[in-house]
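What follows is one structure encoded as structure tokens, with my remarks underneath.
Fair warning: this is a prediction, and the values are worked out from it, not measured in the lab. In what follows, every chain begins at residue 1, and chains take the letters A, B, ... in the order their sequences are listed. Reckoned from all heavy atoms, side chains included, excluding hydrogens, waters and symmetry mates.
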There are 2 protein chains.
Amino acid sequence: MPEAKSAREQTKERHRRALIEATADAIAEHGLAKVSVSRILEKAGLSRGMVNLHFSSKNNLLLAVAQQFSEDYTSHWIVAMERAGSRAEARLRAIIDADFDPVVLNRRTMAVWFAFRSEAHSSPEFMPFIDSRDAKMQRTITSICRELCERGANPGTDPQIAALSIIALLEGLWTDYYLHPDRFDRDTARAVVLHTARAFFPDSFDA
Amino acid sequence: MPEAKSAREQTKERHRRALIEATADAIAEHGLAKVSVSRILEKAGLSRGMVNLHFSSKNNLLLAVAQQFSEDYTSHWIVAMERAGSRAEARLRAIIDADFDPVVLNRRTMAVWFAFRSEAHSSPEFMPFIDSRDAKMQRTITSICRELCERGANPGTDPQIAALSIIALLEGLWTDYYLHPDRFDRDTARAVVLHTARAFFPDSFDA
DNA sequence: GCATGATGAATGAACGTTCATTCATTGTCA
DNA sequence: TGACAATGAATGAACGTTCATTCATCATGC
């Protein structure tokens, strides 16, 4: 047993999580601009003072939500990549697949991501949590591309440009889903990214 | 002379525009969630009643801003494309260049676009104005791709997939600029899109 | 060309509502 | 019983909107 938590600590933790989930629900339903403490507490089924008790301010709760979603996204693609083994091609495929996994790419999650992104420029404290495809992911994909360049001996391919293209494509397809979730097709999206990967690395990513 | 407007009508129109510009400034500075009528009027240098006098409500003013930016974007790429002449390759190049033109791709404009996008799902009245690369642009680019397929006789290229890829890339690179305006390089961005275009249509888009 | 009444753009104090936050009180485990 | 999580009424600031009033501009009559 790692920690034997008392019943008290357990409900406290449960309430903390409930507030974060309720806030995400409220953002998805009403939009960040219309999210109020009252609406959050209504969704969570908790009393008025709870937000300030657990997070000391509404803004801190919003920060906790942003952090939660950021960490969930990052750990998701890292786990997927590591499960894929050590081959560069398999690792890149796993990252791409992870990006279109319904666990990540769904209406609620996108609503939260895009909401925080749009407020981060005027509230810089959100900045660390809005960059889904952050420096770490960029380094990872760039090094995969570099490996593919060396192995496949593609003289014309710049790993930096390849990585930038793939990441921008992932971003753009997220936006496509966000704007038109009904007409978005996950298989087509994956095919588009793999098509681009194949354009850079003809030896890999066979259809 | 098209219309001889009275001095009264001129100042009225000037105030209307001032409110729209001030609202865009306020969104860029404070974020949509923190834009209040007071802040807008402070920036515009006008009196309290002006928003409701000209737009009847704050929400209608926000709608007018969204519409303005949407129309400006659309007319910009259409003018650029038509100036490029009738050749398919030149037209696509013009659309790509237009998308990275500082007139369109700048901090203020992106702040406004992304702000409205993030609120449109909970306030559907904004929906008609948030889809920069809308159905019209998609039809245009798809038909250009179809023409390039036929002329160049690229048997393996699906014009739909090519158009989707290019549009998603443009979207993704906008997001890239929005998240990191300082480290964004317009020339690299253009090169990335042209590189992808070349992958689909090897006969065209020479570097 | 000038005087005069009509027009409606502009103003800003006031309104009711909603907001995030506080804190004295209550309830519940250890 | 002591410690602390939970409650919800109370608070004042900020919100969008209203509206009686003001006054520069315009149309009209002479």
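- Taking only side-chain nitrogens and oxygens, B/Ser47 never comes nearer than 4.0 Å to OP1 or OP2 of C/dA10.
- Closest approach to the A/Met50 side chain among D/dT17, D/dT7, C/dT11 is made by D/dT7 (side chain taken as heavy atoms from C-beta onward).
- Put simply, CG on B/Asn60 is 13 Å from C1' on D/dT17, counting in whole angstrom units.
- When distances are taken from the side chain of B/Arg48 to each of C/dT21, D/dA6, C/dG12, the shortest belongs to C/dG12.
- Distance CD (A/Glu9) to C1' (C/dC29): 12 Å, rounded to an integer number of Å.
- In the model, B/Tyr73 has no side-chain atom that pairs as donor or acceptor with a side-chain atom of B/Asp134 under 3.5 Å.
- OP1 or OP2 of D/dA5 has not a single side-chain nitrogen or oxygen of A/His15 nearer than 4.0 Å.
- With distances taken from any side-chain atom of B/Asn52 to the nucleotides D/dT17, D/dA10, D/dA5, the minimum falls on D/dT17.
- B/Lys43 has a carboxylate O that lies under 4.0 Å from a charged side-chain N of B/Glu29, or vice versa, which qualifies the two as a salt bridge.
- In this structure, A/Arg39 reaches the sugar-phosphate backbone alone: every heavy-atom distance under 4.0 Å involves primed, P, OP1 or OP2 atoms, never a base.
- Minimum atom distance to the side chain of B/Arg8 is reached by C/dG8, of the listed C/dG8, D/dA6, C/dA20.
- For A/Lys58 and A/Thr23, the side-chain atoms include no donor-acceptor pair closer than 3.5 Å.
- The CG-P distance, from A/Leu41 to D/dA9, rounds to 14 Å in whole Å.
- Computed from coordinates, the B/Ile40 CD1 to D/dG16 P distance equals 7 Å when rounded to whole Å.
- Counting only heavy atoms from C-beta on, B/Ser38 has its side chain closest to D/dC15 among D/dA5, D/dC15, D/dT17.
- Counting to the nearest Å, the P atom of C/dA10 and the NE2 atom of B/His54 are 4 Å from each other.
- Protein atom CG of A/Leu32 is 15 Å distant from nucleotide atom C1' of C/dA20, rounded to whole Å.
- Between A/Arg198 and A/Glu89 no salt bridge is recorded (no basic side-chain N to carboxylate O distance below 4.0 Å).
- Side-chain N/O atoms of A/Ser36 include none lying less than 4.0 angstrom from OP1 or OP2 on C/dT18.
- Nearer the 5' end of DNA chain C, as judged by each residue's closest nucleotide, is the contact made by A/Lys34, out of A/Leu53 and A/Lys34.
- The NE2-P distance, from A/His30 to C/dC19, rounds to 10 Å in whole Å.
- The pair A/Arg17-A/Glu21 does not count as a salt bridge, with every side-chain nitrogen at least 4.0 angstrom from each carboxylate oxygen.
- Per the geometry, CD belonging to B/Glu42 stands 14 Å off P belonging to C/dG12, to the nearest Å.
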